[in-house]
Amino acid sequence: MDQSKLVVSPSPHILAKFTTQKIMLAVIIALVPTLVASAIIFGWQVLLLTGVTVGACVGFEALYCLIMKKPIPVGDLSAIVTGLILAFNLPPAFPLWMAIIGAFVSIVVVKQLFGGLGFNFANPALVGRIVLQLSFTGAMIGYTYPASIGGADALASATPLLAGQSTQVPMIDLLLGTHGGVLGETCALALILGGLLLIFGKVISPVIPVVYIGGVYVFKLLLGLGAGGALGLVAWDSLAYILSGGLLLGAIFMATDYVTSPYTRKGKVVFGLLLAILTVAMREWSNMLEGVSYAILLGNLLVPFINVLTRQRPLGVKKRAKEQDAGKGAA
Amino acid sequence: MNKKKVSNLKVFTNGFLKENPVLRLVLGTCPTLAVTTVLFNGIGMGIAATFVLICSNVVISALRKVIPSQVRLPCFIVVIASFVTLVQMLIKAYVPALNESLGVFLPLITVNCIILGRAEMFASKNTVGASALDGLGMGLGFTIVITLMSFVRELLGSGTLTLMPGNDALTFQILPEAVAPMSILALPPGGFFVFGVFMAIAYFIERRRGKDPEKEACAGCPSAAGCAAKGACETNGA
């Protein structure tokens, strides 16, 4: 018998064609429409800022692994995705040195110190954004008017979420992204296009974004109706509400990170609903305008518990045995 | 506690890195996280806690044959609390600024786990001299960590270094005004960030020196000296 054809290996024996590299490449492609839209809306400095964060992320990852004598994982493209998403969370006129600090936090502190890709407890770009937000609050909320409509590109303007002004930004501006905000959150059409690419390319499951965005819509609708608004008006306002702020960017690109989202379908539904409740609660009843990033961070931290509690029962196994098993997993 | 004689030098240097109370035993984290926003606080808290630690170690070691083991914890706490009261009175008299900026964390030295932990793990089983050395070593280990942490947090979080609040000659603006400080480091989450990074560095250095707790079991474990289940890790093959 020809020994070379008998390969003895542990399971799994059937492997999908997806590799980390291909998945990351797909995410990069899905992020391109948003980058292009952002560059058209805010001008060339967007490309510079994005280039700096991507370069810094890749550089820090290579440097860290070089110092720690680990294999350099730059080829899996995940640092590029982190850099892109981090840049999308920054306002266009953000100082470059601050962006580099954000990249350092994302890659070294959140990702590599915990063991690299697959071991990070939260989305690296998300924590980078939150650290920058808490450190340089002034620079992080210095939104600029898009050059195309505002003229002077250093004029600060309010994000559409600024208390009670949600309806003042016309729906067409929300869709096209011609209003103040961070790089990647303004152009809803480009984000939705990227999301559809990922969903139809079977890179991400549609469950989390759909439940998350739908949940926010329903909760806002119920809140509006509870406050005595007319159905048609409230429905329209709620639509503007989900297109404003970082919700689409967060729901499509950050909440769906493989490492930091639940792996069962039931778990994904729970995760999406949790994020929706947290986001609406923070937007409505806290002193912050936007709660998407904090909601996703808290959700990330709860993912191990969601995974244990929503474990699927193998066919034919009695419920009692499953619960014991889940108890063991939690311990 | 094994009967093997541990050299005095070893007792003294244990607290620096191998059994560093904050980074390796993870004791006394509350003052470490809470007061390290200003360099002045870090140094002050370190010295105050070191003083209490040495004194309480000596007294508890001297009384170790008198204290009944059933009520040892209340006895330890009474001894520690007396010295904390003493320290607080001294600080109020001579460095009122420190008393003001440490606030409630000064009387809370009483319940600092490092001091009770050393009383239980070391002073109640060793001679007076060794206990004094242990207190000094552990106290210095704590002071070094808490000073470095407040140095990093104040430098990056506020851009300044304060050796004495209210005294312009001893307060330095290190980062230029034009560079915005990372204010998160002065906030509670920043305390956890810096603490985590310091712990990672301490673990890294220990592992480089061949003391990996995951592989060496008790030989590499900082809590081995006071561990109730000593040796259990080795037999479990963890």
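In the text below, chain A, chain B and the rest are named by the order of the sequence lines, each starting its count at 1.
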Worksheet item: With a 4.5 angstrom heavy-atom cut-off, which part of A:I101 approaches chain B: side chain, backbone, both or neither?
Response: side chain
Worksheet item: For A:L63, what residues pass the side chain to side chain contact (heavy atoms under 4.5 Å, CB included) criterion, not counting sequence neighbours?
Response: A:I67
Fill in: ring-ring contact (aromatic ring centres under 6.0 Å, His included) against B:F16, all qualifying residues, sequence neighbours excluded
B:F12
Would you list the atom pairs in which one atom of chain B and one of chain A form a donor-acceptor pair under 3.5 Å?
| residue | atom | partner | partner atom | Å |
| --- | --- | --- | --- | --- |
| B:S183 | N | A:S135 | O | 3.4 |
| B:S183 | OG | A:L134 | O | 3.0 |
| B:S183 | OG | A:S135 | O | 2.7 |

Discussion item. Out of B:P181, B:A186, B:A180, return the one with the most heavy atom pairs under 4.5 angstrom to chain A.
Written reply: B:A180
Worksheet item: Side chain, backbone, both or neither: which part of A:V109 has a non-hydrogen atom closer than 4.5 Å to chain B?
Response: side chain
Discussion item. Show me the pairs that pass ring pair (Phe, Tyr, Trp, His ring centres under 6.0 Å) and involve residues 142-194 of chain B, at least two apart or across chains.
Written reply: none
Worksheet item: Any chance CZ of B:F195 has more than 12 other-residue heavy atoms, nucleotides or ligands included, within less than 6.0 Å?
Response: yes
